[in-house]
Amino acid sequence: MVQFPIPILLMAAVAYGDSDDMRISCNSAVKLQHSASGYFLSSTSINWGSGSGQQAVTTQSSRSEKDSLFLIKPPFGPHSESESCALATAVKCGQVIRLEHLNTAKNVHTHNFRSPLTGNQEVSAFGEQGEGDTGDNWVVICTTKSGFWEREEQVEFRSTETGKYLASSTQAKFTQNNCPNCPILGHYEVSAVKGSGGKNGVTAFKADIGLFIIPN
């Protein structure tokens, strides 16, 4: 059985209930499933052996993996009231957010280093106790009728810093050949790419499961 920290269990007990509101709200903790592979965005306390040397971000296959929960929170730096991402505020399409890895309190981040397998733009987990820089900021790209990010609906994330999209590909797998005996064997690389991959493409994700706070 997956065990979560006590504060997260309390949040689930208070905030998660029977609701037909599919909008995703700020301060929810979500598991992001990559549409093309079915794998889940993940991170763990190991660092890339090349590029920035920062904490690795990958996708992995298990729905129950404890390293796949990410907290939705406000962007780094000055931002308007509409971008404040207050507790239980539904996230709009086009809104800027950060995704904090719950287990390590580092943010999903991109910058101008090359990723280890594809040579695309590297994605890492960065910061200390949830504080990083503008490389942590992502625009939520979605096309729902409601105009909000919704559960089970495809979504993309575009970096405000570099303009590139969070992506993963089944063509970039960590194996014994390219990562001998490493702890991320069988995972797929996560990187940032120039453009949208379209529906069910390399840049498409969905909030499959998580601890969802019902929006106001």
Side-chain angles (χ1 to χ4, degrees), residues 2 4-5 7-8 26-34 37 39-77 85 91 96-140 155-169 172-174 179 182-193 202-203 205 207-211:
V2 179
F4 300 108
I8 299 301
C26 297
N27 292 96
S28 292
V30 299
K31 292 194 172 191
L32 292 170
Q33 186 176 31
H34 185 241
S37 66
Y39 278 36
F40 295 86
L41 191 70
S42 184
S43 188
T44 190
S45 297
I46 63 166
N47 293 346
W48 291 128
S50 61
S52 68
Q54 293 172 3
Q55 185 170 299
V57 175
T58 62
T59 58
Q60 56 78 35
S61 61
S62 174
R63 288 175 71 90
S64 60
E65 174 57 57
K66 59 185 175 61
D67 283 327
S68 293
L69 273 173
F70 291 85
L71 180 71
I72 302 167
K73 64 182 191 178
F76 178 88
C85 207
V91 178
V96 180
I97 62 165
R98 287 179 292 170
L99 294 167
E100 179 184 326
H101 183 239
L102 276 182
N103 277 4
T104 61
K106 294 181 183 293
N107 304 311
V108 178
H109 178 92
T110 193
H111 44 204
N112 290 315
F113 288 93
R114 292 173 69 87
S115 61
L117 299 184
T118 60
N120 294 329
Q121 189 171 283
E122 182 190 88
V123 170
S124 64
F126 173 74
E128 296 295 332
Q129 298 303 312
E131 290 304 317
D133 62 25
T134 53
D136 307 337
N137 291 346
W138 300 88
V139 181
V140 176
V155 64
E156 296 176 304
F157 301 96
R158 187 181 68 231
S159 169
T160 63
E161 189 81 350
T162 69
K164 294 190 176 181
Y165 288 72
L166 190 69
S168 185
S169 171
K173 191 173 189 176
F174 291 98
C179 192
C182 70
I184 52 174
L185 285 176
H187 292 209
Y188 293 127
E189 180 189 82
V190 171
S191 63
V193 299
V202 296
T203 58
F205 292 83
D208 175 72
I209 51 177
L211 303 172

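Quick caveat: nothing in here was measured; it's all calculated off a predicted structure.
- With a 4.5 Å cut-off on side-chain heavy atoms, Phe157 and Val108 do not count as touching.
- No side-chain donor-acceptor contact under 3.5 Å links Ser115 to the backbone of Leu117.
- In terms of heavy atoms, Pro75 sits closest to Val96 at CD-O, 3.3 Å.
- Panel note: side chain His101, backbone Ala125; no donor-acceptor pair is recorded below 3.5 Å.
- Here the side chains of Ile72 and Leu99 are in contact, with some heavy-atom distance below 4.5 Å.
- Side-chain atoms of Asn103 come within 3.5 Å of backbone atoms of Lys66 as a donor-acceptor pair (strictly under, hydrogens ignored).
- When every heavy atom of Phe76 is checked against every heavy atom of Gly132, the shortest pair comes out as CE1-O, 3.1 Å.
- Note that the OH atom of Tyr188 and the OG atom of Ser61 stand 9.0 Å from one another [nearest 0.5 Å].
- The two residues Ala29 and Leu102 have their closest heavy-atom pair at CB-CD1, 3.7 Å.
- Salt-bridge formation is detected for the pair Lys106/Glu128: a Lys NZ or Arg NE/NH1/NH2 atom is positioned less than 4.0 Å from an Asp or Glu carboxylate oxygen.
- Paired with Thr160 under the rule side-chain contact (heavy atoms from CB on, under 4.5 Å), one option of Val139, Asp136, Thr110 passes, and it is Val139.
- Looking at Ser52 and Glu122, their side chains do bring a donor and an acceptor atom within 3.5 Å of each other.
- Of all non-hydrogen atoms in Phe40 and Ser68, the two that sit nearest each other are CB-OG, 4.0 Å.
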Next item on the list: Evaluate the criterion side chain to side chain contact (heavy atoms under 4.5 Å, CB included) for residue pair Thr58 and Tyr39; output intermediate values, then yes/no.
Entry: CA-CA 9 Å; Thr58 62; Tyr39 278 36; over 6 Å; no

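- Under a 3.5 Å cut-off, the side chain of Lys31 and the backbone N or O of Arg63 do form a donor-acceptor pair.
- Using a 4.5 Å cut-off on side-chain heavy atoms (C-beta onward), Phe126 and Asn107 make no contact.
- Checked by atom type and distance alone, the side chain of Trp138 never pairs as donor or acceptor with a backbone atom of Leu166 at under 3.5 Å.
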Item checked: Residue pair Cys26, Val91: steps toward the side chain to side chain contact (heavy atoms under 4.5 Å, CB included) verdict -> CA-CA 6 Å; Cys26 297; Val91 178; 3.8 Å; yes

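- Between the side chain of Ser124 and the backbone N or O of Ala56 there is no donor-acceptor pair closer than 3.5 Å.
- Rounded to the nearest 0.5 Å, atoms CD (Gln33) and CG (Leu41) are 11.5 Å apart.
- Across every non-hydrogen atom of Cys179 and Ile184, the tightest pair is SG-CG1, 4.3 Å.
- Asp133 places a side-chain N or O within 3.5 Å of a backbone atom of Gly135 that can act as its donor or acceptor partner.
- Nearest heavy-atom pair across Ala192 and Asn120 is O-CB, 3.7 Å.
- No donor-acceptor distance shorter than 3.5 angstrom exists from the side chain of Arg158 to the backbone of Tyr165, with no hydrogens or angles considered.
- Shown are Thr44, Thr104, Asn47; of these, the side chain to side chain donor-acceptor pair (under 3.5 Å) with Gln55 is made only by Thr104.
- Lys164 places none of its side-chain heavy atoms less than 4.5 Å from the side chain of Val193.
- Residues Asn137 and Arg98 form a side-chain contact, since some pair of their non-hydrogen atoms from C-beta on lies under 4.5 Å apart.
- To the nearest 0.5 angstrom, Gln54 atom CD is 10.5 Å from Ser43 atom OG.
- Without hydrogens or angle criteria, Ser28 side chain to Val30 main chain gives no donor-acceptor distance under 3.5 Å.
- Side-chain contact check for Gln121 versus Asn112: some heavy-atom pair is nearer than 4.5 Å.
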